[in-house]
Amino acid sequence: MDISVLQKARYAYRPGLPAILTAPISSIGVEAGNETEAVDDQTALRKRFEHTYGKPVVRFVPGGNTITERPRQVGVVLSGGQAPGGHNVIAGLFDALKKANADSRLFGFLGGPQGILDDDAIEITGVYVDEFRNTGGFDIIGSGRTKIESDDQFTKALDVCRSRALDALVVIGGDDSNTNAALLAEYFISRGAEISVVGVPKTIDGDLKNDQIEVSFGFDTATKTYAELIGNIERDANSAKKYWHFIKLMGRSASHICLECALQTHPNIAVVSEEVEAHRKTLGEVVDEIVSVIVQRAENGDNFGVVLVPEGLIEFIPEMKTLISELNRLLAEHTAYYASLHTFEDQSEWINKNLSRDSSYVFSSLPNNIQRQLLMDRDPHGNVQVSRIETEKLLIEMCEDRLAELKSEGKYSGRFSSQSHFLGYEGRCAFPSNFDADYCYSLGYNAFLLSAFGLTGYISSIRRLSRPASEWEAGGCPLTMMMNMEQRHGALKPVIRKALVDLEGAPFRMFARHRQEWAINTRYHYPGAIQYYGPDEVCNLPTATLRLEHS
Ligand code: FBP
């Protein structure tokens, strides 16, 4: 195989594990805490999860009751968007399974949850997994966004797991996929099946976190990859001194990626969606704030700068949020009729007629390309595909209009030339940083132990991540503990609560303390590329967000 020098070198990397997980498997025991409660809507959730609600948080410790080392069959599925480190989760799972019993077998469902429904799987062998160790991507078995939600799908999933004689199913995914894992766990028990379902917290977005999950895997590598590119763009901006760069950053909903990148690169402006929503800022006000920095910098002769825009911004602007929820409802309730409208003109005319007066006004005031993007298909979980909405270009257009007005009023005399960028897919399949390589391997190894102890409806949890890997704590958290009820497709559904940026949290406060200085003076910070070899502080430093939240 023709592989890069780095890929070859990474095959030899031995990921770090929490000390407890390096012990012989037969010497590891489990310690359970008290019963737990969901974050909200406890009564409804207790009823919905009759068999799995309220279980204790568990931690692996030396000795006590240990697992029997009989051969086991485990299935694994990757769900949702790619995140660096997914291959190592599977490698950790494989190694633990084989360490417990060499006759155990691991099956990977292909192409995401649809692979379960189609019973499309391969056996993951030692030779096969070795090709993927410490590499980025999900190509080991592929991923997909199918949601298992109908009764028929649950029955099918159980039939497939039974026919393959699985002892456990490991679901590697974000909040929606782990919600699915919780529902599957409940369904399996309710049908008398002793098949553990264990989740693993994945998403570059960083919004699957809480007291037990300090960070989802992939966030570390993806933000470091984007920060390298932003730093490079900043240096270019500061060298040429002629462009304003508007950089949209992935992260469907929360602004964790944007905030982390701001902490790493000190841009002139970073918009944080959660702040926009908290202060109920209109799109016009967001634009005015950006324009005010452009004008002030122009007064100092600096007609250049860098603006970070979170991908999910559009859904946090109150008037846009209302518009999107009206659009979601219209498109869900009139799917067939809407599909019969073939031209954009017909579609937008029908939409405009059926929106409330305010939303119709907002919709009509948007440029045509943004209107089209807002009408594109929703993903299987009902989310607007924000990665396809060109918010960065919308902001540029609006800034240009506002600056032209100011110029005509004699209040601005600078030059505004812009470049737009979208950083998203560039970071999702990077070689995992040492942090993600270690964390993912530990999560996978740990997921096996949870399943082998017969725990179901749990998510793999590795904590104390700001310390060296050997000091990490390993255990599991019941998925119901992270849930509440939310409106989805017009009905109340149990879902894992997304963690948005906390405006009182240390990362945001750190940003807020410095942003004025970064806006006007040029204080760019260049983190450079991820380093895999070299001094500890260069190769193994976790994200600023993790350090600020947990050190
Ligand atoms: P997950 O939540 O599934 O991890 O995906 C996150 C994400 O990368 C978002 O940041 C982005 O909006 C979305 O996936 C893009 O989805 P797609 O890969 O389907 O274009």
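For reference, positions follow the sequence shown, starting with 1. For ligands, and for the atoms within them, numbers begin at 1 and follow the listed sequence. Just so you know, these numbers use all the heavy atoms, side chains as well, and skip hydrogens, waters and symmetry mates.
The residue from Glu311, Arg428, Lys498 that puts a heavy atom closest to atom 7 (C) of ligand 1 is Arg428. Comparing Met250, Gln82, Arg388, Arg145 by heavy-atom distance to atom 5 (O) of ligand 1, the nearest is Arg145.
When heavy-atom distances to ligand 1 are checked against a 4.0 Å cut-off, Asp205 comes that close only through its side chain, counted from C-beta outward.
The ligand atoms of ligand 1 that sit less than 4.0 angstrom from a heavy atom of Gly80 are 3 (O). Set against the non-hydrogen atoms of Gly81, the atoms of ligand 1 under 4.0 Å away are 1 (P), 3 (O), 4 (O), 5 (O). Of all the atoms in ligand 1, the ones that sit under 4.0 Å from a non-hydrogen atom of Lys202 are 1 (P), 3 (O), 4 (O).
With a 4.5 Å cut-off on side-chain heavy atoms, Asn178 and Ser79 do not count as touching. At least one side-chain heavy atom of Asn210 sits under 4.5 Å from a side-chain heavy atom of Ile213. By the 4.5 Å heavy-atom criterion applied to side chains, Arg133 and Arg10 are not counted as neighbours. Looking at Pro507 and Val501, their side chains never come closer than 4.5 Å, going by heavy atoms from C-beta outward. Using a 4.5 Å cut-off on side-chain heavy atoms (C-beta onward), Asn134 and Tyr441 make no contact.
Within the 4.0 Å heavy-atom cutoff, Gly251 counts among the residues contacting ligand 1.
Distance alone, capped at 3.5 Å, places no donor-acceptor pair between the Tyr13 side chain and the Tyr532 backbone.
Among all non-hydrogen protein atoms, the one lying nearest atom 20 (O) of ligand 1 is Tyr425 OH, 2.5 Å.
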